[in-house]
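Have a look at the structure below, then the notes.
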Amino acid sequence: MDSAIIGTWLAALLTLGIMSFLYKDNLYYKICEAIFIGISAGLWFITYFWDSLYRIAWIGVVHEGRYVLLGGVVLGVMMLMRLFGKIGWIARWPLAFIVGATAGLKMMVYFTTNAMAQIHGTVNDTMAAFGGSGLYDVVGRIVILIGTVTGLVYFYFSKEHKGLFGGVAKVGTWFLMITFGASFGYTVMSRMSLLLGRIDFLLTDWLKLVK
Amino acid sequence: MKRQIPMLILSAVGTLLVVSVFIPSARHWQEDASLYFDIIAVFAFFLGGGNLIRVHTEKVNRKSTGWIYSVVTLLGFGIMLVTGLFKIGNPNGIAGDLSQTGSYFQLLFQYVMSPLNSTMYALLAFYVASASYRAFRAKNTEATILLVAAFVILLGRTALGVLLTNWIPAQLSVLQIPNLAIWIMNAPNLAGQRAIMIGISLGVISMSLRLLLGIERSYLGGDN
Amino acid sequence: MKKFLPWIILVALIIVVALLPKPLEISPTVSVIVTVLLGLALTGVLVMTMRGHLIGRRTVFLFIGASLTLPFFMNFQMPIKVAPEVQELYDAIAKLPPGSKVLAAFDYDPPSAPELQPQAEAFMAYAFKHDLKVIIMGLWPQGPQQADMAIQKVLQQPAIRAKNIKYGVDYVNLGFQSGNEFVIQRMGSSFRGMFPRDIYNTDCDKIPILNGVDNFSNIDFVFNLSSGYPGTVEWVQIAVDRYGVKLGAGNTAVQAPSVYPYLSSHKLTGLAGGMSGAWQFEQATGEPGVASTYVLPQTFSHMVVIGFIIIGNVALFVGYRKSRQEGV
Amino acid sequence: MLALLRIAKLVVFISSSLFVISLLPTHSVHSQDASPSGSNLGPITVRAHDTDNDAGGSVTVEWDDPGYEKMSGFAGFLIWRTNTLTGTSDSVEVTPFGTHSYDDRSVSDDSTYSYLVAALVNSERVMSAPSMQVRSAKQWFDSRLTWVLILGLIICGAVIYFIESAKRGTKLFLRRIAGLEAIDEAVGRATEMGRPILFVAGIQDMDDVQTIAGLTILGSIARTVAEYDTKINMPVRASLVMTAARETIKHAYVTAGRPDAYNDDMVHYVTDEQFGFVAAVDGIMVRERPAACFFLGAFFAESLIMAETGNSIGAIQVAGTAMPAQLPFFVAACDYTLIGEELFAASAYLSGEPRQLGSLKGADVGKAIAMIVILVGVIATTIASAWNSESMLWIENLLRKMFSTG
């Protein structure tokens, strides 16, 4: 038999197995899940092995002489010390390195690209609101201004949401609700096309029920 | 000592990377740090993969419930390792690209991984429907606002939305559902997104400072 | 016995499927009956919910599954209304005389293929049938592969096979070039500078279709399929704003709203957005393909979701009124 | 002496430039007055200076186009470089239409250079005069980030100030967050029912701050779990997270005085594959029926699959993420959701430690600044455009400058 036909059957059986979970957990789903976990864990390990260990660490250090990468290898080996009970504590060093690096890097990234850029965007938008454009735009931008400020009030931790402040925070939650509703409504329909693709595969490529 | 050194590493690395943002000639530290991360992550995988093997072999040895599935998982893991490490069936041999057409690795990817992956992803369609049925109800003010916003956007993206409000004259075309949907996306939705994003970045800053100052250190474990 | 029921049903289903005529098609009358039955079932759910019986998730799943599967076999035409922006796109392409050179930029990857691939296929089929010369490129690494898949599929059509389409004469694939919007910028002065060779490593000077093509002024139309950055926004900002090319685009549903402003300012000549944009484009070009077969299932499933939301709220409202009356 | 040296340098420079020009293919070199097609275009003027805010090794060349671009047959500008120390010259780049500046990144900080720019029109070259000599250098501070530094220092300063003042015993008020109050309740219920709790710290690795935020919350939850003697099950998608989570839980058990009850198997690696992980978590949920599920970290499309499955088994669910696109799904399917910033604040809340709480007050200062800036900006613009107020215009421009991040 043609390998493509075997492949199609295999793919179809796995597809049905995953879908059977919708009815309830069962033997068929458990087998598919087990295959999924085993195959995918292996796949990722292989990808890491060739892409990071071989291409970055081995080629980088041995062939390109980028000895600075040896630091990473040393930290990586320290990580493995976890396997040896007595000196397992040394694995905390690479962990500390990673947490420190993430905290330091992400702090700046979030500060510049999230906070600064969004404040800049809001100020720019609302500034332009009075620049003589149509009523539609002016209303839109005033809404952006009110929404951003009241939304921030909602996130304010060190003041009780009571009285006027509470009212403003309430308006803030309304804006958050609009945001959530919009994202939800936005995604609902596009998720249908994902499933359409799978059903099309089953009906057309596998069962050949549809031309 | 066992806690001081990691603390020191953490603060030093974090501070250096914050500073490197401002110094042009130190920017490459950031790339180095992320390369280090990649390398450490592979070594860590030996722990993760080892854990996977250990958990499942134990299940098989103890013949605990569902041990047969553990056999399947172990087999799958092993097959993938062998085909990938030795690049079995790869037309270009060991030097070939990992996902070269025709290699067993690529075949397994195409006929086993892909369908499993996209079907699991496609289950979302079902869950989105059941969640909408339950969650989109005008129980209170907040839920009503969420429902109305979602419904307008949802209708704005189907033919029904066009049909429902086509009668609205051109001067008031803003009120037609598809246009209303665009307005919601561009104005109130954007405002909410911005508030969330500014809040998040301030949250990240205060958490990162807690980490760098050593106030928050539960993840570094105890003294033993 | 009850334990084996699902398995018995499954086996029965397999036998039924095996016995079904292939391909299966149900007549228009039966299609209408099935649709009405589906509607009635939904009404039944409404009545049940109003009486206080909330239906389980499995019922919801069943409705979604049915609404996505059954329409595949149905044999009636949904009237497709082509939206103005899709019509504008079609009109722009239809106006091109035979032999026009069209640059097709494929800026997406497999996850966005369900929505964009049908547009790619319809576009390629139309171009080949109307003797448009297509130059393919990608700012996304996997874009040119997607283009190739679309072409291979389209070339199977008898009408196109008869035209004896030749690589290098009727179309060329320049492949991927890294550099995002800077690629567009530099193509403005020289295509060769960015794409000295095509995807098969052939020197561009030896490819007939590229004769005399050296910058945007030699291109009659640019068609961009985009699912993010870099994509339509960058093409508008550089190719349209600086070099004045005519640009039409197909976008994923998620991406489309961000380029709507360019339509109203006439920087973008037409747009097909998402799956519905795809089938409208197929309809406009007269190349019904995959997306057209998705019209019914997609519409049905949308109706079912909307139906469930309405049911949930009607039930809530009725329940609320009832509890108030009882309370008084 | 110095003047003499300068003159000597100038002589060397001019003569080398002339040398370069003489090297160019003569038939295509024209001086400005002999521009092609007889047009009377002025000369191209070239300025070269060290590229700002870089690590050295780059010179920025800028030029004015008197109108060559509009001529038919224009093919680009050729940039020609002379190393004035060695006297060697080479062409660097032909820039495309519409470009009037170029960063030459192939220079050395140890040499000085001079640049010529030639317009290429119909295979003829119209040369500019050579630029002044230039030497590249590295800068110690990126001046574009001055405002980032100042604002960053203000916010970090505020955080540290409030940490310190809390340490000295200043009482701080913090509003309640419903999701956090539910955590104890959820763990308590699991204990009563004798069922485990499930914890998922998102699907990202340790290089995402949200994962770290999830783990800090895990620290607090694990302590309650240890005290109540409930079972915790934590599948992870990345091996590093597994290692970090084990440290966290172990520490919590030690703090709760029950180190013997800790077991490495509480945290187990599943697979790095996003949906493979989801398939496994779904399986765990329906088989072990945890009484409480926590989803705290970075999530993508899988958020709803997991939350709906959790909902179907009737577990109390607490979620938290800073992924704006996934928040609505958690809000719809979970009992409590920590929205954005609340995720990062949660561990400080839970710890109840004054210093941690102080840091939250500091972040509030940042929010106040953001709100004030937005409001002041709008008011200033309105006044500036309505009454042509110079001072308001100045404020408007200052704000624009402050918050543009290059």
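Values below: every heavy atom of this structure, side chains too, minus hydrogens, waters and symmetry copies. Residue numbers start from 1 in every chain, and the chains themselves are labelled A, B, ... in the order their sequence lines are given, proteins ahead of strands.
- Looking at A/Phe155, A/Tyr154, A/Tyr156 one by one, the single match for side-chain contact (heavy atoms from CB on, under 4.5 Å) with D/Glu341 turns out to be A/Phe155.
- Annotation for D/Val209 and A/Thr102: closest pair N-CG2, 3.9 Å, computed over non-hydrogen atoms.
- With rounding to the nearest 0.5 Å, the separation of CD in A/Glu160 from CZ in D/Arg175 is 10.0 Å.
- Separating the CZ atom in A/Phe157 from the CG atom in D/Leu172 is a distance of 13.5 Å, to the nearest 0.5 Å.
- Contacts of residues 25-36 of chain A with chain D at a heavy-atom distance below 4.5 Å involve A/Asp25, A/Tyr29, A/Lys30, A/Glu33, A/Phe36, listed in sequence order.
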Donor-acceptor contacts, no H, no angles, side chain residues 69-84 of chain A, under 3.5 Å, sequence neighbours left out:
residue: A/Arg82; atom: NH2; partner: A/Gly88; partner atom: O; Å: 3.4
residue: A/Arg82; atom: NH2; partner: D/Glu247; partner atom: OE2; Å: 2.0

Side chain to side chain donor-acceptor pair (under 3.5 Å) assessment of A/Ser158 paired with D/Asp364
CA-CA 7 Å; A/Ser158 54; D/Asp364 276 357; 2.6 Å; yes
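- The shortest non-hydrogen separation linking A/Leu152 to D/Ala370 is CD1-CB, 4.0 Å.
- Side-chain contact between D/Ile374 and A/Thr148 is present, with heavy atoms from C-beta onward closer than 4.5 Å.
- How far CG of D/Leu399 is from CD1 of A/Ile119: 10.5 Å, rounded to the nearest 0.5 Å.
- Taking each heavy atom of D/Thr271 and A/Ser40 in turn, the nearest pair found is OG1-OG, 2.7 Å.
- Enclosure of atom CZ in A/Phe165 by more than 12 non-hydrogen atoms of other residues, nucleotides or ligands within 6.0 angstrom is indicated.
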